[in-house]
Amino acid sequence: MKKMALACVAGLALFSVQAQQLPVYLDGNQPIESRVEDALSRMTLQEKIAMIHAQSKFSSPGVPRLGIPEVWCTDGPHGIRPEVLWDEWNQAGWTNDSCVAFPALTCLAATWNPDMALLYGKSIGEEARYRNKSILLGPGVNIYRTPLNGRNFEYMGEDPYLSSKMVVPYVRGVQSNGVAACVKHFALNNNEINRHTSNVIVDDRALYEIYLPAFKAAVQEGHAWSIMGSYNLYKNQHCCHNEYLLNDILKGEWGFDGVVVSDWGGAHDTDEAISNGLDLEFGSWTNGLSSGTSNAYDNYYLAYPYLQRIKSGKVGTAELDDKVRRVLRLIFRTTMDRNRPFGSIGSPEHFDASRHIAEEGIVLLQNRNNVLPLDLNKVKKVAVIGENAIKMMTVGGGSSSLKVKYEISPLDGLRHRLAGQAEVVYARGYVGDASGEYNGVVTGQDLSDNRSAEELLAEAVDVARSCDYVIFFGGLNKSAGQDCEDSDRQALGLPYGQDKVIEALAKANKNLVVVNISGNAVAMPWVDEVPGIIQGWFLGSEAGNALAAVIVGDVNPSGRLPFTFPTSLENVGCHRMDAYPGVKRASENIWDITYKEGIFVGYRWSDKEKLQPLFPFGHGLSYTSFSYGKATLDRNELSASDSIHVTVPVTNTGSVAGAEVVQLYVRDVKSSVARPLKELKGFRKIQLAPGETKSVTFTIDKSSLSYFDDKQHVWVAEPGKFEALVAASATDIKSKVAFQLK
Ligand code: BGC
């Protein structure tokens, strides 16, 4: 006993001596900046160079000699991507890397609930942490400029204010796990077609008012620890090493102290990469012959070519030290933060979170004759029609593709929910895309069906006639040319002849509900013939359960559209202005794409052109009804340095509990520059019991009133008359009040 006690004391003494000698960079009690400087001072030139580019598909090496760990990245943004081989996109074949799929970010945005964004970020961050990742490659906040963009489903819609408010809690939630969020794709990556060769030409007003605010909020309010440069060019420079975007705006104006990560293969030039703000290079292509067979990573732009330039005296080391400092800072904030939690993967809490977010994001677009919710007292036999009732949607779509622990299909979700209460009969209706593989992950579903379109239609109509309720699940999927990375859609209409099927079903049964599964707006030529329409997004692991809950009314829908559904492509600004996908240069493979519509994106365009959309931005119905009282102001004048408050009472006038999203738009009545008719400047989701009234108060200050003056390069709020519009959507203004800016 005595011996043991002595040994213990000796052990303690030894430990305390060691603790005193701990180098500063290893001492978690030291300020991060001191640790960064200490580590930097100990590194060799070669170690510094190694730290700023990849050593494998998704990792960079850290500094093994100093015990500074590797940096591991993972996609993002809807779940943790399965492990791939060191140098390949192919699967590593792990058996413990299946994840929870969270709803696509369009659905998250459709919740209009920042608490859901925090829950999302925290949960996905826990999964990333458990898999020992330092960087989660997400969220994405590129603005929805055209409904053809194949990657809109990974973003948060058309409005800079909404996406700003939603991205901040996501970032904070992820980073609370000691995992860096990597906000992408910075910037102006608004289409997938020609994504490596599009050179965006946009005025500074649109850049600052529309395309940058969500990134700025992620950096300045969310304190994002990393950001990903985009593939496209801007001002004729690739965005991964773009002087104006990265040096001037991100690191200059916004004071970003994190790491700029290249998109995979987005770096193209060593000199630009050195001087224009890229910090960590991934995914660069080497030709595999003269370079890259055995030393691909040494041939990265920020590897050997950089080292050569330094050794020959062509460039100094100031930029290198800045890049290394940033990477070190990220490592200390993440992997070397001894207090970071352990994380968890596939937990019941994560599936619950996924389901909750899905339920809150589903949007009830149309509900004639109260066809929804499905009344189980009356309905005894339900026809479920359509490929998307059974097709797995977590596999495909590009880098956001996942390997999930499970995914509940809409058909399974409904069968489960209706079990013992109503019979469910399924018919395919059409065959879209029967494939089910991405990057070596297979769904295991055999969706092949050799019947002709006529046979499939005839069967669907027969089934619809034999039932007392019909639910069609269609829309898009994650295949190339639909909601998928690296290609855009060809048209606004639904693929695979679905319109014909829906029209036939509408004739066969008047109790028809169409659930559109997509991350994009689609045309609905049958809108007047179909009483119930739901926007069902890509909902992740719990898709079927969430949809069933909304369909039967266990959950009262409260999602609102984060983008406009136009009636046609011609009613979208960039298409009307013939500003997509740009013009190819005669002499080189570059597409100049001029954002001719300027700031008039989404509802800003519909308002300007007085267009009635199919479904407006902010729209979404409920199974209850709400009435708005008169909006009032606490004062009717403000100065540039203070704020006023607008308050509106909202009452649930129906018979079930529900949530309303109260929206505040601001209008500059008279301005010296062209301004949108109105702009979203506040929103609040409130839960109301039947008969209950709550008052919502919004703050309006200079930032709500300003436009970006691109000549002076400043935000300007012009004195004069403004209006505060309280609304239930961009076209449903409930009350307005006028005020003056002194
Ligand atoms: C995508 C990124 C993704 C990266 C790594 C790229 O193709 O554009 O969003 O994070 O691949 O998979």
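Start at 1 and go down the list; that is how both ligands and their atoms are numbered. Everything numeric in this text was worked out from a predicted model, so none of it was measured.
Contacts of ligand 1 (protein heavy-atom distance under 4.0 Å) are Phe58, Asp75, Arg81, Leu137, Arg151, Lys184, His185, Arg195, Met228, Tyr231, Asp263, Trp264, Ser399, Glu485.
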Donor-acceptor list for residues 162-174 side chains, cut-off 3.5 Å, not counting sequence neighbours:
unit_1 : atom_1 : unit_2 : atom_2 : d
Ser163 : OG     : Asp159 : O      : 2.8
Ser163 : OG     : Pro160 : O      : 3.4
Ser164 : OG     : Pro160 : O      : 2.6
Ser164 : OG     : Pro213 : O      : 3.4
Ser164 : OG     : Ala214 : N      : 3.4
Tyr170 : OH     : Pro77  : O      : 2.8
Arg172 : NE     : Glu221 : O      : 3.2
Arg172 : NH2    : Glu221 : O      : 2.8

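The side-chain hydrogen bond (donor to acceptor under 3.5 Å, both in side chains) test applied to Asn295 returns Asn299, not counting sequence neighbours. Applying the side-chain contact (heavy atoms from CB on, under 4.5 Å) test to Cys182 and every residue at least two apart in sequence or in another chain returns Ile135, Leu137, Ser226, Met228, Val261.
Here the CD1 atom belonging to Ile52 is positioned 4.5 Å from the CG atom belonging to Leu302, to the nearest 0.5 angstrom.
Aromatic pair Tyr161/Trp112: centroids not less than 6.0 angstrom apart.
Of the options Trp72, Trp86, Trp264, a ring-ring contact (aromatic ring centres under 6.0 Å, His included) to Phe58 is made by Trp264 and by none of the others.
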